[in-house]
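Residue numbers start from 1 in every chain, and the chains themselves are labelled A, B, ... in the order their sequence lines are given, proteins ahead of strands.
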Amino acid sequence: MRLSNLFGKTLRETPSEAENISHQLLLRAGMISQVAAGVYSYLPLGWRALKKVENIIREEMDRIGAQELLMPVLQPLELWQGTGRDLSFGKSLFTLKDRRERRLVLGPTHEEVITQLVRQNVQSHRDLPLLLYQIQTKFRDEPRPRGGLMRVREFTMKDLYSLDADEEGLDKTYKSVIGAYQNIFARSGLSTVMVEADSGAIGGKDSHEFMVIAPSGEDEVIYCSSCKYAANAEKAQDLKGRMNEEEPLPIEEVETPRIKTIDELSGFLNIPKSKTLKAVFYSADEELVFVAIRGDLEVNETKLRNALRCHELRLASEEEVMRAGLFAGSASPLGITGIKRVADDSITTGSNLVAGANKPDTHLKNVNYPRDFDVDLVLDIALAQAGQGCPKCGERLLSTQGIEVGHVFKLGTIFSETLGASYLDRDGKKRPIVMGCYGIGVGRLLAAAIEQNHDEKGIIWPIPIAPYNIYLCALSIESEEVASASERLYEELQEGGFEVLFDDRVESAGVKFNDADLLGIPIRLTMSPRTLKSQAVELKLRWKNQAELVPLEEVSDRLEKNIRGGFTA
RNA sequence: CGGGGUGUAGCGCAGUCUGGAUAGCGCGCAUGGUUUGGGACCAUGAGGUCGGCGGUUCGAAUCCGCCCACCCCGACCA
C-alpha cells in the first residue's frame with residue numbers, strides 16, 4: 001500500500017473527546033472514526049489490524065475443532081421472550097419493528113439462536129460434542145459507551161458455543177477452549193490474567209474472564225500474589241476475619257443523638273466498625289429488601305442480585321424505607337417483619353454487636369445472631385477488598401484494574417432445557433444438551449493491545465496483529481535515485497509476500513518518521529541518498545532505538561528470518 | 001437516569017461574562033518557490049448553517065427559552 005493513496009490521515013493533535021490512550025492513538029493514527037456515541041467506522045489500517053486478530057482467532061478455534069458459521073443480527077423478539085432474557089437484558093436490548101409490526105431485536109449475543117439451531121440439527125449423542133462459533137457484530141444499547149473501542153454499542157465479537165452430552169464433556173471442552181484463548185491472546189501480543197468471574201443471575205457453574213491488566217481498565221481484579229487466586233471484584237471473596245467470640249450479653253439500649261452512619265456510630269461509642277451491624281435497604285425489582293452486614297464491610301450488589309435472583313437492584317429511597325415503618329440510620333434487624341431479610345455471613349462471626357433500634361437516635365448494644373433476630377437468607381454478599389485475606393491461602397489480597405477481553409462460561413442446561421434442545425443417549429433416553437459459551441471482544445482486544453503496547457510516540461503493534469509489518473520510508477523521494485530504488489524495493493518486497501506500507505509521499509524526514517512511529521508499524525526500512533551510497537537501507541524496529549544498515553540484496557532474507565522467527569524486544 | 005462539562009473551518013482552540021462593522025489564530029489542505037535524516041520556510045489561496053429551533057433587540061457566536069449531539073463521573077452493564 002502506498003501511503004500517498006491510503007485513506008485515513010494522521011492527526012498531529014489529539015481529538016479532545018479521547019480520554020484513554022488507545023482511543024487517542026487509534027484516532028490520531030486514522031484507524032477509526034466516530035459516527036455516534038459508541039459507534040465507530042474502522043478505516044483501512046484499523047480494519048486490517050482487526051482482521052489480523054480475527055484470523056488468529058479463526059486459526060485457534062479451528063485447531064480445537066470448532067466450526068465457523070454465521071448467525072443473523074436480526075432476531076425475533078419472541079425467541080428472547082422464550083428465555084426471559086428480553087427482561088434481563090432490559091434496555092440494553094436494541095429493538096425494532098418490521099413493516100408488519102413484528103418486533104425484532106438486534107442480537108446482543110446468540111445463545112437463543114444457537115440453541116434453536118442446534119435443536120433442529122442435533123438429535124443423537126453421536127452428534128456431540130460440537131463446537132460452533134462465529135465472528136459477528138453485536139448490538140448492545142449500553143447505558144454509557146466509553147473509552148473509544150473499549151465499550152461500544154455495536155461491536156465485533158467472536159462467540160463460540162459448546163454442546164456436550166454431559167458435565168464431564170463440558171469440563172473437558174471448557175479446558176480446551178481456555179487453552180485456545182490463551183494461545184489467541186499470547187499470539188496477539190497480549191499478556192492476560194484469567195480470573196474467576198460472576199456467572200450471573202441465570203446460574204451456571206464456572207465462569208472466567210481474561211483480563212488485560214491496564215490502568216484504564218473498567219474492571220477491578222482482586223488477586224493474591226502468593227497463590228494463584230484472582231477474581232473479578234464482583235465475584236471475589238476474602239476472609240472476613242473472625243471476631244473474638246464473647247459471652248453474649250443482654251441487650252441494652254443506648255442514646256445516639258443524630259448518629260446515622262457506621263463511621264459516626266463507631267466514633268461516638270468508641271468501638272471498631274466490626275463491632276457494629278450495618279443495615280441497608282435495597283429495592284429488588286421494586287420489592288423492599290432488608291440487608292444486614294457487619295459494619296466494616298460493604299455489600300457486593302452483584303452477589304446480592306444473584307442471591308435475590310432479581311433483574312433490577314438499587315438502593316431503596318428513604319421514603320420507601322419509611323413507608324415500611326423503618327428508620328434509615330438506625331434501622332434494626334430485630335423484630336422486622338413483612339419484608340425479605342438477607343444477611344451476609346459475617347454477622348454469624350461477631351458477637352455483641354451494636355445495631356439500630358428502629359427508632360430515632362437510639363441503637364442497641366449486644367445484639368447477637370441468631371439469639372436476637374432471624375433472617376431469610378444468610379450467605380456471602382460482601383465486597384472483597386484489597387488488604388484483606390486471600391480465601392485460598394490467607395495472604396493479603398491486592399487489587400488492580402483490568403480490561404475484560406474474553407469471557408468463558410459454563411452454561412449447563414439452562415438454554416437447552418428452556419428452548420428444548422435435547423439428544424437421545426445410548427440408552428435412547430432424552431437428555432438436555434450441556435452447553436458452554438465463550439466470547440472475545442475483537443475490537444476491545446485491539447484497543448487493549450494498544451493500551452499495553454505503546455510509547456509517547458504512538459502505537460507499537462505486535463507483529464502478528466500489525467496492519468502492515470514493514471514501513472518503507474523513502475526520504476528525498478523526489479530524487480530520481482531514491483524514487484527508482486525504493487520503487488524497486490517496494491515491488492520486490494511485495495513479491496516476496498511481505499506486507500509493506502510504502503511512504504512515497506513528498507514529505508520531510510521528520511513527518512515520515514513521526515507517522516511511522518504513530519502508526520506503530522513494527523519494522524521500518526529507511527532509504528535515502530545516504531543509505532544508497534552504500535547500497536543499503538536502514539532497518540529499525542519500532543520498539544528499539546538503534547537502527548542498522550542492511551545491504552539491499554540481504555533485505556529480503558533478513559526480513560524473512562526475522563518476521564517468521566519473530567523479533568523480540 | 002442523576003451530576004458535571006463541551007459544541008465556532010478536517011483537527012486543536014480564542015472570541016461569549018460586558019451584544020456592534022468583512023468571525024479570528026495555530027495545524028492541516030491547495031498552488032508556486034526555497035529547503036530536505038526526527039513534525040522546514042516564504043508567498044498566495046480555498047474552506048464557516050458559530051449544534052438546531054424559537055424569542056429579545058435597530059443589531060445575536062455573544063442575552064433568554066426549548067431541544068439535540070458528544071465527553072467525563074456515577075447509576076447501569078450475559
Self-check item: Check: N300(A) side chain, K303(A) main-chain N or O, donor-acceptor pair, under 3.5 Å
Solution: yes

Quiz prompt | Integer angstrom distance from the P of G39(B) to that of G51(B) | solution = 36 Å

Quiz item: When you measure from the side chain of F409(A), which nucleotide among A78(B), C76(B), C77(B) comes out closest?
Solution: A78(B)

Quiz item: Just how far, in rounded Å, is C1' of G74(B) from CG of L313(A)?
Solution: 16 Å

Quiz prompt | Spacing of the P atoms in G26(B) and C41(B) (rounded, Å) | solution = 12 Å

Quiz item: Would you say C27(B) has OP1 or OP2 under 4.0 Å from some side-chain N or O of R12(A)?
Solution: no

Quiz item: Could you state the CG-C1' distance from D141(A) to C76(B), rounded to the nearest angstrom?
Solution: 12 Å

Self-check item: Nearest-Å distance once atom C1' is located in both U44(B) and U49(B)
Solution: 28 Å

Self-check item: Interatomic distance at C1', C27(B) relative to A9(B), whole Å
Solution: 12 Å

Quiz item: Quick one: which of C29(B), A78(B), C70(B) gets closest to the side chain of E507(A)?
Solution: C29(B)

Quiz item: Does the side chain of S508(A) get closer than 4.0 angstrom to OP1 or OP2 of A40(B) through an N or O atom?
Solution: yes

Quiz item: Does the base of G28(B) carry an N or O that pairs as donor and acceptor with the side chain of E13(A) under 3.5 Å?
Solution: no

Quiz item: For the side chain of P15(A), counting heavy atoms from C-beta on, which of C77(B), G12(B), A78(B) is nearest?
Solution: G12(B)

Exercise. Give a yes/no on whether any side-chain N or O of S16(A) is located under 4.0 angstrom from OP1 or OP2 of C13(B).
Key: yes

Practice problem: Answer yes or no: is there a donor N or O on one side and an acceptor on the other, between the side chain of D344(A) and the main chain of A382(A), under 3.5 Å? | Solution: yes

Self-check item: d(CZ, F513(A); P, A40(B)) in whole Å
Solution: 12 Å

Self-check item: Separation of the P atoms in U8(B) and A14(B), to the nearest angstrom
Solution: 11 Å

Quiz item: For C77(B), does either OP1 or OP2 sit under 4.0 Å from a side-chain N or O belonging to S92(A)?
Solution: no

Quiz item: Does the side chain of H208(A) come under 3.5 Å of the side chain of Y174(A) through a donor N or O and an acceptor N or O?
Solution: yes

Self-check item: From U35(B), C70(B), G37(B), nucleotide with atom closest to E478(A) side chain
Solution: U35(B)

Quiz item: Which nucleotide in the list A78(B), C77(B), A40(B) gets nearest to the side chain of V511(A)?
Solution: A40(B)

Quiz item: In the structure shown, which nucleotide is the Watson-Crick or G-U wobble counterpart of A78(B), with both distances under 3.5 Å?
Solution: none

Quiz item: A75(B), G37(B), C70(B): which one has an atom nearest the side-chain heavy atoms of Q34(A)?
Solution: C70(B)

Exercise. For the side chain of R144(A), starting at C-beta, report the closest nucleotide among G39(B), G28(B), G74(B).
Key: G74(B)

Practice problem: Looking only at side-chain atoms of L11(A), point me to the closest of C72(B), G37(B), C11(B). | Solution: C11(B)

Quiz prompt | Inter-nucleotide P distance (C72(B), C66(B)), Å rounded | solution = 26 Å

Self-check item: Check: T109(A)/E111(A) side-chain N/O donor and acceptor closer than 3.5 Å
Solution: yes

Quiz item: How close or far is atom C1' of C76(B) from atom CD of E234(A), stated in whole angstroms?
Solution: 12 Å

Practice problem: Sticking with atom P, work out how far G12(B) lies from C17(B), rounded to a whole angstrom. | Solution: 24 Å

Quiz prompt | d(CG, L160(A); C1', A78(B)) in whole Å | solution = 15 Å

Quiz prompt | Pair partner, G28(B) [Watson-Crick or wobble, under 3.5 Å] | solution = none

Quiz prompt | Along RNA chain B (nearest heavy atom to each residue), the more 5'-positioned of P108(A) and A547(A) | solution = A547(A)

Quiz item: Ignoring hydrogens and angles, does a donor from either the side chain of R146(A) or the base of G74(B) sit under 3.5 Å from an acceptor on the other?
Solution: no

Self-check item: Base-pairing mate for G39(B) - Watson-Crick or G-U, with both contacts under 3.5 Å
Solution: none

Quiz prompt | G59(B): pairing nucleotide in any strand, Watson-Crick or G-U under 3.5 angstrom | solution = none

Quiz prompt | A46(B) - base-pair partner by Watson-Crick or wobble geometry, distances under 3.5 Å | solution = none

Quiz item: Atom CG of L411(A) to atom C1' of A78(B): distance rounded to whole Å?
Solution: 9 Å

Quiz prompt | D198(A) and N306(A) side chains, donor-acceptor separation under 3.5 Å | solution = yes

Quiz item: What nucleotide among A75(B), G38(B), A78(B) has an atom nearest to a side-chain atom of N514(A)?
Solution: G38(B)

Exercise. Apply salt bridge (Lys or Arg N to Asp or Glu O under 4.0 Å) to K138(A) and D159(A), showing your working.
Key: CA-CA 10 Å; K138(A) 303 284 193 262; D159(A) 44 326; 3.0 Å; yes

Quiz item: With distance as the sole criterion, is a donor-acceptor pair present between the side chains of E451(A) and S22(A) under 3.5 Å?
Solution: yes

Quiz item: Mapping K9(A) and K512(A) to their closest nucleotides on RNA chain B, which lands nearer the 5' end?
Solution: K9(A)

Exercise. If G7(B) has a Watson-Crick or G-U wobble mate with both distances under 3.5 Å, name it; if not, just say none.
Key: C68(B)

Quiz item: Can you find a side chain N or O atom of R28(A) that sits less than 4.0 Å from OP1 or OP2 on C11(B)?
Solution: no

Exercise. Determine the Euclidean distance between corresponding P atoms of A61(B) and C50(B); express it in Å to zero decimal places.
Key: 7 Å

Self-check item: Within 45° cone of Y468(A) ring axis and under 6.0 Å: R48(A) NZ or CZ
Solution: yes

Quiz item: When you measure from the side chain of D515(A), which nucleotide among C11(B), A75(B), G39(B) comes out closest?
Solution: G39(B)

